[in-house]
Peer 1: 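Below: one structure in structure tokens.
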Amino acid sequence: MAAESVADGPKEQGRGGTWVPDGGGPLRRPGRRWTRAGARWGMASAGLWALALALAARQAAAVLRLPQDERLVDLSAWLGRDGVLRLHGSLYDGEEPFTGTPFAGLVLKPLTRAAEAGLGVVWTVGTLLLVAAVGVLAARALPGPVSRRTALCAVPAALSLLVLSVPVRNTFHLGQTSVLPVLLVLAGWLLGGERPAPAGTAAGAAPGGGRAAEAGTGTGSGPAPVTGKATGTGEATETGPAAGTAHTAGAMGAAGLLRGRAAAVFGVRGSGALIGAACALQPATVLFWPLLWLTGRRRTAVWSTGTFLLCTLAAWSVMPDDSWAYWVHHVAGVGLGGPADATANQSLHGALLRAGLRGPAEVAVLLVLVAVVGRLALRRAVRYARDGQPLLAAAIVGCAAVAASPVAWQHQQLWVLLAVAGRVGRRTGDRLVWPVFVVMVMTLDGSALVPKIAVFGAFAENAVLLAALLAACAVPFLRRDAPAWSAPEPMGLLSRPNLMLELLLIRVGYWAYSYVRGHAPDSRSLAEGHGDQIMAVESFLHLDIEHGLNQLAVRTQWLRDACDFYYTTFHFLVPIALLAWMYARRTALYRSARTALGCATLLGLVGFWLYPLAPPRLMPGLGFVDTAHGPQDLSNPDFGALTSLSNQYAAMPSLHVGWSLWSAVVVFLLTRNVWLRALGALYPLLTTFVVMATANHYLLDAAGGVAVVTAGFWARRGLARLQARRASGARPQEAAVPDEVSRAASAPSPPGPPGSGDRGVPARRE
């Protein structure tokens, strides 16, 4: 039985309009005819390419438009007078010492002869090219077979994520060289010519002087030994107990490092030289030496070690004092670039220092943790390399290097982003959790991932380290022979969404909500002008009732206190409680209702941005009183205790009223109890009264809240129709698609199997 190479995936006869994997990673050969779906994905790919180019241009412009003394600040610190690298004195002395290895300083010498202005342009463009090379190489290393969608979108999506990531942005801003070691390691590991030999029996040689093909067994509880032999056609024949199983290709995974058209670009010496040079630039990457050795690429490991020693000794001979200072005095650079306990240092060493450990105790704990992390990471990386997932294996080892390194600054954390290549989860909805988590960690500040509560502070400070440790040691990435690898269980309307994914999206959604509120236009004159417009319209319509309600609350102490408590408490409490209840008891309704709420909130943010509006309590000369904080000094631009927390001109539409209306609709769908429905109907009415009595909103603001929630439900309905059409594969029908909200409003979701987190009816596997 013919075995399939890991990179190529299963062979199949090309048919018109089908996608035929053809080796060499995801950039594969399409069939002879493009379908309508293929055209749509072609347009999506073009859009992603445009986005990637726009992000790259924006990043370059953001660097080059800075003043010369603020551009590439680390690179400028490396330079002496007239833009030339300091040739005399130590690189590691002074207020801003050189943070790279002595070999990096040696390499930079011929690159810094140009003037600083020219160097900034050349350096920025060169860094962009390095980032592009990393993205292309990573996209082509995705394990096959891949879909047409992945093939078209992998490269531009990878480039966009790289440019958006904190390590790449930090590299551009500081003028660091940390992208280069990542590229060198990936090129040497993925494009090396030496064929790894997994543990087991290897036999056979390719005709025409080709290298020997390998075969072997998986580790741990893997299948029985498989032997293989390369034939003249490029396919491998196999024998043994595991013949004919899907794991045959997985056992040959280490041999499938980008085999095909892009295979063996570098020989043993070339790949060893690349990885060795990377180790000389970033010493933490020496962790790839045991990976090479354990996957059978021992000659490459030897050449890599030799190259590292040669580069280091060359730098030592030219700069002996600097080499002594870096390797001995600073112990491989520890203490360079800032305090090791800074939150930017996402290594185990930095985390232990932030936790309060110091001295010999910290060193002992660090050594134990580094040994454990290194062992687990190498064991997992070898397993996935033999399974035909070389990019994931490299990401696992890179994450371990980030954690084990004495210092891992932001520009050195790019390995963590590459861990998105791993697949996790047996259900389609579960597949998104890990990549979404990694992308959020690597593109947002840690405070955006967790609430601003003291107990979560440690997680926010060590978010990147946590992601690196999870990737290196814990996350159960799927093997290519797993049934869920290519056929995850579909999730229908009654399937409960992944809780972790929901919490991540809710938290980041709230962060985006707060960010937009805080950064929307807040010109006082513009906001007060819009307030005059609203008051004029309400006066014309005889709807200007806010002042009378506000004065009633001011005169009645118990009403004032009740309104203030209501305003600050129920806005978040009621929607969160309803979402939690629906998630536990009404899965289909939860999906629809949370989508409607998200669409409504998004529309509200658009309103905040386009129409900044001063609420009644901030309108001068109209006699409104801020019931929560008392009379304000309107001559002070920073009046009000809430001014430092959020944009006070985000008043149109009123999301207090909007979210209360959403809650009322949900209550009507959840229950048929007359009293509960009456209470639900009363909630938005009370909210409307409270927001006007506290002088936080106008009546037209409440109308705006009703409008955005109504639009949110219509948008959710449109999305449901679109999903139904895509699922059925039929043309759009004129008849309305049944609304899953009404179908699921009165009945709980059927329970799932015992111990299952999914209480929906399991979808039938084809």
Peer 1: I'd like to know whether V397 forms a side-chain contact (heavy atoms from CB on, under 4.5 Å) with W289, so could you lay out the CA-CA distance, the side-chain angles of the two residues, the decisive distance to 0.1 Å, and finally the verdict.
Peer 2: CA-CA 10 Å; V397 175; W289 294 349; over 6 Å; no

Peer 1: Could you measure the distance from the OG1 atom of T177 to the CG atom of L183? Nearest 0.5 Å is fine.
Peer 2: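 Result: 12.0 Å between the selected atoms.
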
Peer 1: Say you draw a straight line from CG of L291 to CH2 of W189; how long is it, rounded to the nearest 0.5 Å?
Peer 2: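 Rounded to the nearest 0.5 Å, the CG-CH2 separation comes out at 4.0 Å.
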
Peer 1: Provide the closest heavy-atom pair for A377 versus A400 in the form atom of the first, atom of the second, distance.
Peer 2: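 Heavy atoms only, the tightest pair is CB-CB, 3.5 Å.
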
Peer 1: Just how far is it from atom OG1 of T285 to atom CD1 of I275, taken to the nearest 0.5 Å?
Peer 2: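 The OG1 atom of T285 sits 8.5 Å away from the CD1 atom of I275.
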
Peer 1: For a side-chain contact (heavy atoms from CB on, under 4.5 Å) check, start with the C-alpha distance between V464 and V166, then their side-chain angles and the critical distance, and finish with the verdict.
Peer 2: CA-CA 10 Å; V464 176; V166 173; over 6 Å; no

Peer 1: Parallel, tilted or perpendicular: which fits the ring planes of F477 and W434, with parallel below 30° and perpendicular above 60°?
Peer 2: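 Geometry flag for W434 against F477: perpendicular rings.
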
Peer 1: Which heavy-atom pair separates M440 from V508 by the least distance, and what is that distance?
Peer 2: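 Here M440 and V508 meet closest at SD-CG2, 3.2 Å.
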
Peer 1: Does W303, at its CH2 atom, have more than 12 non-hydrogen atoms belonging to other residues, nucleotides or ligands within less than 6.0 Å?
Peer 2: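 No, not enclosed.
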
Peer 1: If every non-hydrogen atom of S347 is compared with every non-hydrogen atom of L465, which pair is closest and at what distance?
Peer 2: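 Closest heavy-atom pair between S347 and L465: O-CD2, 3.7 Å.
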
Peer 1: Look up atom CZ in R496 and atom CZ in R427, then write down how far apart they are to the nearest 0.5 Å.
Peer 2: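 The distance works out to 9.0 Å.
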
Peer 1: Rounded at 0.5 Å granularity, tell me how far CG in L499 sits from CG in D430.
Peer 2: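 If we round to the nearest 0.5 Å, L499:CG and D430:CG are 11.0 Å apart.
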
Peer 1: Examine distances only and state if a side-chain atom of R716 and a backbone atom of R591 form a donor-acceptor pair shorter than 3.5 Å.
Peer 2: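 Checking the backbone N and O of R591 against the side chain of R716, no donor-acceptor pair under 3.5 Å is found.
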
Peer 1: Grab the two heavy atoms, one from A344 and one from Q413, that are nearest each other, plus how far apart they are.
Peer 2: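 Heavy atoms only, the tightest pair is O-NE2, 3.3 Å.
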
Peer 1: Could you please spell out the steps behind the side-chain contact (heavy atoms from CB on, under 4.5 Å) verdict for L501 and V436?
Peer 2: CA-CA 8 Å; L501 180 61; V436 168; 4.0 Å; yes

Peer 1: When you check the side-chain N and O atoms of S178 and T171, is any donor under 3.5 Å from an acceptor?
Peer 2: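 Distance-only check passes for S178 and T171.
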
Peer 1: If you measure from CZ on R379 to CG on L294, what distance do you get to the nearest 0.5 Å?
Peer 2: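 So the gap between those two atoms works out to 12.0 Å.
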
Peer 1: Can you see which heavy atom on R423 is nearest to which on W485, and at what distance?
Peer 2: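 Closest pair (atom of R423, atom of W485, distance): NH1-O, 2.8 Å.
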
Peer 1: Ignoring hydrogens, what is the shortest heavy-atom contact between L391 and A138? Give both atom names and the distance.
Peer 2: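 Looks like CD2-O, 3.3 Å.
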
Peer 1: Is there a side-chain contact between N462 and Q346 in this structure, where contact means two heavy atoms from C-beta onward sitting under 4.5 Å apart?
Peer 2: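 Yes, their side chains come closer than 4.5 Å.
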
Peer 1: With a 4.5 Å cut-off on side-chain heavy atoms, are R479 and Y384 touching?
Peer 2: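 Yes - at least one pair of side-chain heavy atoms lies under 4.5 Å apart.
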
Peer 1: Give the table of side-chain donor-acceptor pairs shorter than 3.5 Å for residues 158-165, with sequence neighbours excluded, one pair per line with atom names and distance.
Peer 2:
{"unit_1": "S160", "atom_1": "OG", "unit_2": "P156", "atom_2": "O", "d": "2.9"}
{"unit_1": "S165", "atom_1": "OG", "unit_2": "L162", "atom_2": "O", "d": "2.6"}

